[in-house]
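Just so we're clear, the structure is a prediction, and the values are computed from it rather than from any experiment.
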Amino acid sequence: MSSDDINHHQSTINTFTCVRCGLTVSTLVPDGGRRNHCPACLHSRHVIDQVEGGPSDCGSRMSPIAIAVLRTGDWMLIHRCARCDELTSNPVCADDNQLILMRMAVRPLAQPPFPLEAFGTL
């Protein structure tokens with residue numbers, strides 16, 4: 001195998017194509033960690049079965065639906081599978097789209113599940 005073949009093979013292993021926006025994404029993030037979602041639109045593919053712990057046969061698109069903050073202060077991106085509704089959590093990466101992250105983080109305040117008028121009577 002030539003060095004060009006090895007480099008091409010390594011680049012295909014270390015990249016994936018986003019299922020939503022088509023961006024070619026590196027699985028390696030700037031800080032040396034690994035990512036499983038697109039930094040532009042934050043979508044992912046359902047490849048791991050969170051219940052069983054192995055590969056998933058689903059393969060459908062995972063949509064970002066929320067942000068969770070751990071006790072350590074680290075942000076986690078919550079995904080829901082468009083086909084089977086399974087939920088997953090993955091670390092937010094430093095180069096993820098900050099506008100989409102902030103929109104998800106403030107959504108509960110901007111669209112509460114109760115009428116804000118109720119606070120006027122307290």
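- Under the 4.5 Å side-chain heavy-atom criterion for Ile, Leu, Val, Met, Phe, Trp and Tyr, I65 and M104 are members of distinct hydrophobic clusters.
- The cluster map of Ile, Leu, Val, Met, Phe, Trp and Tyr, joined by side-chain heavy atoms under 4.5 Å apart, puts M76 and V92 in different clusters.
- The hydrophobic clustering, which links ILVMFWY residues whose side-chain heavy atoms are closer than 4.5 Å, places V69 and L77 together.
- Applying the side chain to side chain contact (heavy atoms under 4.5 Å, CB included) criterion to P112, with sequence neighbours excluded, gives F114, L116.
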With side-chain contact (heavy atoms from CB on, under 4.5 Å) as the criterion, how do M62 and T88 come out once you've worked through the C-alpha distance, each side chain's angles and the decisive distance to 0.1 Å? CA-CA 9 Å; M62 300 287 283; T88 64; 3.3 Å; yes
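- Residues E86 and C58 form no side-chain contact, since every pair of their non-hydrogen atoms from C-beta on lies 4.5 Å or further apart.
- In this structure, the separation between CZ on F16 and OG on S44 is 6.5 Å, given to the nearest 0.5 Å.
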Counting only pairs under 3.5 Å, give me each side-chain donor-acceptor contact of residues 35-43, with atom names and distances, residues two or more places apart or in other chains.
unit_1 : atom_1 : unit_2 : atom_2 : d
R35    : NE     : S26    : O      : 3.2
R35    : NH1    : D95    : OD1    : 3.4
R35    : NH1    : D96    : OD1    : 3.1
R35    : NH2    : D95    : OD1    : 2.5
R35    : NH2    : D95    : OD2    : 2.7
N36    : ND2    : N90    : OD1    : 3.2
H37    : NE2    : D96    : OD1    : 3.2
H37    : NE2    : D96    : OD2    : 2.8
H43    : ND1    : C41    : O      : 3.1
H43    : NE2    : R61    : NH1    : 3.4

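- Taking the side chain as every heavy atom from C-beta outward, D57 and H46 never approach each other to under 4.5 Å.
- Of all heavy-atom pairs between N97 and I100, the closest is OD1-N, 3.1 Å.
- The minimum heavy-atom distance linking S56 with G59 is given by the pair OG-N, 4.3 Å.
- The shortest non-hydrogen separation linking G22 to T17 is O-CG2, 3.6 Å.
- Side chains of L101 and I67 form a contact here, defined as non-hydrogen atoms less than 4.5 Å apart.
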